Number of protein chains: 2
Amino acid sequence: MARRTRAEMMDDTRRKLIASARAAFAEKGFADTSMDDLTAAVGLTRGALYHNFGDKKGLFAAVVEQIDAEMASRARALAEAEDTVWSALLAEGCAYIEMALDPEVQRIVLRDGPAVLGDPAHWPSQNRCLDATRAAVAELRAAGILKPVDVEAASRLLNGAALNAALWVATCDDPATMLPKAQDAFRMLAGGLLVD
Amino acid sequence: MARRTRAEMMDDTRRKLIASARAAFAEKGFADTSMDDLTAAVGLTRGALYHNFGDKKGLFAAVVEQIDAEMASRARALAEAEDTVWSALLAEGCAYIEMALDPEVQRIVLRDGPAVLGDPAHWPSQNRCLDATRAAVAELRAAGILKPVDVEAASRLLNGAALNAALWVATCDDPATMLPKAQDAFRMLAGGLLVD
DNA sequence: GCTATTGACATACGACTTGTATGTAAATAG
DNA sequence: CTATTTACATACAAGTCGTATGTCAATAGC
């Protein structure tokens with residue numbers, strides 16, 4: 001078993017590169033990260049990088065994909081713990097706000113992501129968090145719990161509100177006390193969608 | 001009057017550089033814009049650029065400042081045409097959504113801006129659109145028209161919702177029909193802040 | 001009105017970076 | 001056991017940014 005097959009070696013290489021890139025991108029940002037440094041940090045060269053990911057953006061996209069999957073997984077877990085679709089939607093939004101406090105999420109997904117990869121809605125990872133929100137909104141609309149609002153529009157607005165709230169909380173003076181206020185405001189706003 | 005004073009020459013140089021940069025950044029984005037091309041397009045060199053703006057980010061910041069001021073001015077004009085503070089707030093948000101349809105605003109302010117300059121809340125231009133929203137929310141809160149929500153949090157959420165809605169509308173298949181839906185959804189969400 | 005100095009740029013230079021083209025050694029195929 | 005493909009490393013060319021230096025016109029001082 002000491003003998004490694006080629007596929008195993010490549011997977012290992014990819015994992016190492018993604019991990020190194022994730023740390024570097026989070027700390028220095030996309031533009032200020034050198035691929036020479038990034039690869040050397042795990043004992044490789046840019047040759048491995050271009051072979052596995054095509055270019056710098058390709059590696060960045062892989063990192064975003066990984067983080068995005070983790071976020072969606074966490075949001076889903078929290079939403080499933082709720083007992084109504086409505087409370088699940090609120091929980092998702094609040095979870096999103098919390099997760100965006102993570103410096104890695106902020107810098108890589110929220111700040112550099114759009115500039116490097118374009119609008120999140122067109123990412124291959126499809127911004128899974130948005131997908132979850134859309135599903136919940138669609139179900140609530142069908143059940144007549146929400147006012148006759150466009151599902152896509154409402155999902156976008158809810159996610160956007162949560163996202164920006166998170167960015168603000170993360171960069172304000174006192175995140176600990178502002179987080180609950182932001183989440184309160186989010187629930188209040190979302191309540192505007194409910195039928196009277 | 002053919003004789004130009006030095007201050008006039010500098011102002012003219014700055015205007016030319018900002019105009020050229022605005023076009024280049026909007027079309028190719030910050031990262032893919034060369035300062036050599038940018039300056040040569042108006043008959044200058046990078047020397048003028050570094051002398052007047054310090055570095056590439058400095059010029060970018062000046063462009064953002066200009067666009068931001070234009071947006072705030074327009075939003076203010078629309079808001080003042082309304083007869084209540086509440087409708088003015090809604091009008092501002094809807095105006096924001098519309099303005100974000102402009103490719104220049106999208107690429108420079110919304111996409112590249114945060115990546116290059118960091119969180120908009122910390123920009124020198126202070127994101128004037130947000131300021132207007134905050135002022136309106138504060139007034140409505142004081143008048144008891146809104147539920148007891150944190151002013152800063154609510155302002156952030158409203159602006160974030162509008163912003164993301166705009167990004168979505170701008171990149172969707174049929175912006176013309178989606179714009180009113182997004183604005184409807186925005187008004188509905190904002191209604192969640194009103195006392196019952 | 002003449003010189004000295006400052007200001008507004010242009011030019012030249014060095015240090016990096018990215019992407020590609022080529023080389024190479026190991027793993028697989030036949 | 002040879003041939004070929006794979007998974008990288010190395011070498012190279014092009015382009016970019018920031019700075020250091022040069023230059024000429026505009027102002028200041030006497």
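Letters A, B, ... mirror the listed sequences (proteins, then strands); counts begin at 1. Predicted model, so just to flag it, every value in this text is computed and none were measured.
Distance, H51(A) NE2 to dG23(C) C1': 15 Å, rounded to whole Å. The separation between D12(B) atom CG and dC9(C) atom P is 9 Å, rounded to whole Å. One can place CG of D11(A) at 16 Å from P of dT6(D), the figure rounded to the nearest angstrom. Distance, L49(A) CG to dT17(C) P: 14 Å, rounded to whole Å. Taking atom CG on D32(A) and atom C1' on dT18(C), their separation rounds to 14 Å, with Å as the unit. Rounded to whole angstrom, the span from the CZ atom of F60(A) across to the C1' atom of dT17(C) amounts to 18 Å.
Residues in residues 56-82 of chain A take part in these ring-ring contact (aromatic ring centres under 6.0 Å, His included) pairs, two or more places apart or across chains: F25(A)-F60(A), F30(A)-F60(A). The ring-ring contact (aromatic ring centres under 6.0 Å, His included) contacts involving residues 108-162 of chain B comprise nothing, where partners must be two or more places apart or lie in separate chains. Screening residues 32-41 of chain A for side chain to side chain donor-acceptor pair (under 3.5 Å) gives D36(A)-R46(A) as the qualifying pairs, with residues at least two apart or on separate chains.
For E152(A), the side chain to side chain donor-acceptor pair (under 3.5 Å) criterion is met by R134(A), not counting sequence neighbours. Among residues two or more places apart in sequence or in another chain, the side chain to side chain donor-acceptor pair (under 3.5 Å) test is passed with N164(A) by none.
Between dC8(D) and N52(A), a contact under 4.0 Å exists linking OP1 or OP2 to a side-chain N or O. Regarding contacts with the backbone of dA7(D), every side-chain N or O of T13(A) stays at 4.0 angstrom or more from both OP1 and OP2.
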D184(A) vs R187(A), test: salt bridge (charged side-chain N to carboxylate O under 4.0 Å, His left out). Steps then yes/no. CA-CA 5 Å; D184(A) 272 354; R187(A) 293 194 196 86; 3.3 Å; yes

Summarise protein proximity over nucleotides 11-18 of chain D in one line of letters, 5' to 3': B for base, S for sugar-phosphate only, - for none, counting protein heavy atoms closer than 4.0 Å. BB---SBB

